[in-house]
Protein chains: 2
Amino acid sequence: MPGRTAVTARGVDAIPVRPARIQDVAAAAGVSVSTVSNVLNRPERVNARTAERVRDAVAALDYVPHPGAAGLRTGHTSSIGLVLPDVTNSFYARIARGAADAAYDHGYALVLCHSGDAPEREQGYFTMLVEQRAVGAVVVPLSADPTRLTRLRERGIPLVLADRAMPAQDGCSVSVDDIAGGRIAVQHLLGCGARDIVVVNGERSIRQCTDRYQGARQAVRTRREARLGQVVAEEMTVAYGMEIARGLDDLPDGVFCTNDFLAAGLCRGLAERGVKVPEDVQVVGYGDLDIASFVGTTLTTVRQPVEDLGRAAVEMLLDEVEARAEHAHEARVFAPGLVLRDSTLSLAAG
Amino acid sequence: MPGRTAVTARGVDAIPVRPARIQDVAAAAGVSVSTVSNVLNRPERVNARTAERVRDAVAALDYVPHPGAAGLRTGHTSSIGLVLPDVTNSFYARIARGAADAAYDHGYALVLCHSGDAPEREQGYFTMLVEQRAVGAVVVPLSADPTRLTRLRERGIPLVLADRAMPAQDGCSVSVDDIAGGRIAVQHLLGCGARDIVVVNGERSIRQCTDRYQGARQAVRTRREARLGQVVAEEMTVAYGMEIARGLDDLPDGVFCTNDFLAAGLCRGLAERGVKVPEDVQVVGYGDLDIASFVGTTLTTVRQPVEDLGRAAVEMLLDEVEARAEHAHEARVFAPGLVLRDSTLSLAAG
DNA sequence: CCACCGGCAAAAAACGTTTTAGTCACCGCC
DNA sequence: GGCGGTGACTAAAACGTTTTTTGCCGGTGG
C-alpha cells in the first residue's frame, strides 16, 4: 500500500543554530569550564554566588550537556533497552508502559526493541544494545534458553528478566505469581457456591498454565466436597474456548479459564447451547484483557499488575547499574488480584 | 503493591572486561588508528590486503565502535524518538510496531516516549530528545497546537507527525484517509441493501469524526433514495454505544459507528431489544480493534494500515535526516480498507 | 614569621572516534 | 635528474565533557 502524497514542499529548514557548549557557558559566566561542570554535577564544591552566575548563563544560553561527550568520559550512557516479543500484545504493552514511566522518572531513555518472535532479531537487538553501550536491559526473552542472553551478560550489561523466572544468582527478574492467581480464581468460584469445577487450560508446556492449574488444585483441596477437572485447549483463543463449551458433557457449575480469550469463547459457546452464565455455570477468566469487559456477560477475571512489572524491572535494573557493588539480585514476584464482574454470582468476594 | 521477594543473592558479576578500543585493533593489525577507521567507514580508500588484516583484528577482538565517541566527532547520533500518548492503546501500539520495524531495518535505536496524556511530560520528552541529540522524532502530539513542537524544531530536530495533519511546508506527516474510510463503510452498507442509515459518531471537535461523517455523506449522495442521519455520542465507548442502541426510535436498516467500541456497544444494545444484527440492522464499525472479532456477532469494520503509518513515518524521517538538502516534505495519506464479518449481509463487497 | 590548611577556581589530561592535512615511496615524463 | 602525480598510509587535531591535579589566597596555629 504505497499511499498517496497530498502536498509536498521543499524543506526550508531554519538555520541550524549550533547548540551552546560548556565552554560558551564558561565564557558567559566568566569562569572556567571545570567550574561549570562542577556546578552541574557537584554543586556542593562551588561557591553559591559563582554557582548562581553559572546557572544564569546556562539558562541564558539554553545550554544542555552533550550526553555523548559526557558518556565518553564517564564510560556510561543513560539509555536502557526494553526487548519484548510484541508491543502490540496488550500484556507486553503494559509492561512497556510501566517501564517507560520508571525510565522517565529516573531520567533514562528507554529504547524499544520489538523482537517480533524472531530469535535472530532479538539477537540483533542484543548486539545493538552493546554497540549503543546501553547501561542495562529489561528483557522478555523469546525462549527460556538462557544462553541467548550471554552475549549481553558477558559484555557486562546487567539484565532484568520480565515474566520469566531466572536463577537469582544470575540476575534480577520480575514476574506474577501464577499459582496464587489460580488459587484466588478457584477460591472465588468456591466462595460463589461452585463445587464441580473445570479448569480450561492451555498447553502443559507453558509454565504459566501449569502454575495456574496448581493454584487451582490448592484451592480445591481446602474443600472436601469440591471436585476439580481439567480440559486442555490446543491454543488459548476464543475459537477454542467456543469449541470446548460445545464439547462439555456434564456441565460443571464453575469454570476457570486460564486466559480471557478462552473464557470469552467459552461464554459464547455456552450461550449458544442455551446455558446461562452465571446462573447455570459461573466463569472466571485470567488476565483482565480489554475483551473481559466487552463480551456478552462481562467476565470476572484475574488481574495482573503488569505495569508494576515493567516499572519494577526498570527500577531494579537501575539499582544494579547505580549501586553496582551493594546490589543484591532479586526475583520479585507480584500478587495478582480478582476483578469481579457478571460471570460469577459474587455471593462472596475472594 | 510492594511484591514479595523470593530469592536474593549477592551479585557475583563477571569481571567487567573493558571493551576493545579502535587503538587496540590498530595495534593488533599493525596499522594506525586512522587506517582502522577508514577500513570501517570508507573501505575504498584502503588497500584490500590491509583491510583484510584489519577486519581480522576487529573480529578477533570483537571490537564494536563507541557510538558516543563517533557521535561526538560527527555531530549526530543514531537514535530517533517516538513520542505517543499511550503504548497501551492498540492504535498507538501498532504505530510503535511499524516504527520499531523500520528503525531496526535502518540500524537506528527507537526511544519510546510515552507521554500518557500529560502535556508537561510530552514536553519533558521533547527536552530529553534534544538533550540526547536524537536525530529526529516521530510524534503523535497530544494536542493539535503546533507551537508545542517548536522546541524540537528550533533545535533543528526534524519531526514527522503521525495521525495528525501538518502543513507540508513545516514537515512531513502520515495519516489515514478518514474521509475515504467513512465512504467505503457507507458504500458497503448501501451495497448490502441498507437505505436508511445512521452514523453513530463521536464529538464533532475530533477531526477524525467529522472526516468519517463527511465520507459517509459522499457515499450517500450517490444514491437517490438513501437517507443519512447522525447521532453523536459523548464518548466513544461501549457503554455509550449501548445507550444509543436503546434510544434509537425508528430503527434504521444500517448503522455506521465511527469506532469499534461504539459498534460493539450498539450491537449489544440492539440484542437486548431483540433486534437482530445483521438481519434487521446492519452494522459497520471502524478501526478493526481486537474487540471487533470477539463481540457476539463479529463486526464488519474499517481497517487502518496503522503499522504502515509508523513505518512510513520513520522512513520519511530518516530520509530527511540523511538527505537533508534534497529532502522534500510530504504529507502521506494511507487508504483504509474494509474487513467483512458477520454484522453486515455482505451481498456485495465494498 | 612560617608552615600548613581549607576553600575555590583553573589547567590539563583523559575518553574513543573521525577527518584533515600531511608524509613517503614510487612512477612516468619531459 | 628534477618534477608533478598518485596510492597508501599516518600524525595530529578536533569533538564536548568529566575529573584529577595544580594553584592561589587568606586565615590559623605554632
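Each chain gets a letter, A, B and so on, in the order its sequence line appears, and its residues count up from 1. Side chains are part of it too, since the values below use all heavy atoms of this structure and drop only hydrogens, waters and symmetry mates.
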Rounded to whole angstrom units, what separation is found between the [atom1] atom of [X] and the [atom2] atom of [N]?
X: B:Asn41; N: C:dT17; atom1: CG; atom2: C1'; value: 9 Å
X: A:Tyr63; N: D:dG16; atom1: OH; atom2: P; value: 10 Å
X: A:Arg49; N: C:dC8; atom1: CZ; atom2: P; value: 13 Å
X: A:Arg42; N: C:dC8; atom1: CZ; atom2: P; value: 15 Å
X: A:Glu131; N: C:dT17; atom1: CD; atom2: C1'; value: 15 Å
X: A:Gln132; N: C:dG16; atom1: CD; atom2: P; value: 17 Å
X: A:Arg73; N: D:dT17; atom1: CZ; atom2: P; value: 14 Å
X: A:Arg21; N: D:dC15; atom1: CZ; atom2: C1'; value: 9 Å

* Asked: Does any donor-acceptor pair link the side chain of B:Ser34 with the base of D:dA11 at a separation under 3.5 Å?
  -> yes

Under the 3.5 Å rule, do the base of C:dA9 and the side chain of A:Ser32 count as making a donor-acceptor pair?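 Per atom types, no contact qualifies.
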
[N] OP1/OP2 closer than 4.0 Å to side-chain N/O of [X]:
X: B:Thr74; N: D:dC15; value: no
X: A:Thr35; N: C:dA9; value: no
X: B:Ser37; N: C:dT18; value: yes

_Pair A:Arg311 + A:Glu307: basic N to acidic O under 4.0 Å_ = no

Under a 4.0 Å threshold between the charged nitrogen and the carboxylate oxygen, would A:Arg42 count as salt-bridged to A:Glu44?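 Salt bridge: no.
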
Going by heavy atoms in the side chains, are [X] and [Y] under 4.5 Å from each other?
X: A:Gln23; Y: A:Val36; value: no
X: B:Gln123; Y: B:Arg121; value: no
X: A:Val140; Y: A:Pro85; value: yes

Whichever of B:Val46 and A:Ala20 has the more 5' nearest nucleotide on DNA chain D, that residue is B:Val46

Assign each of A:Arg45 and A:Ile22 the nucleotide of DNA chain D bearing its closest heavy atom; nearer the 5' end lies the nucleotide of A:Ile22

Residue A:Leu72, side-chain heavy atoms: nucleotide from C:dA9, C:dC15, D:dT10 that is nearest: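 Looking only at side-chain atoms, A:Leu72 lies closest to C:dC15.
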
Under 4.0 Å between any heavy atoms, over every strand shown, what does A:Val33 touch: base, sugar-phosphate, or nothing? Just pick one. base

Q) Within the structure shown, what part of the strands sits under 4.0 Å from A:Pro67 by heavy-atom distance: base, sugar-phosphate, or nothing? A)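 The residue A:Pro67 makes no contact with any strand.
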
Nearest heavy-atom approach of B:Glu320 to B:His329 is OE2-CE1, 3.3 Å

Closest non-hydrogen atoms of A:Leu317 and A:Ala137, given as atom of the first, atom of the second and distance, are CD2-N, 3.3 Å

The bend of the helix from C:dC1-D:dG30 to C:dC30-D:dG1, taken between the axes of its five terminal pairs at each end and rounded to 10°, is 70°

Is there a donor-acceptor pair closer than 3.5 Å between any side-chain N or O of B:Thr74 and the backbone N or O of B:Ala70? yes

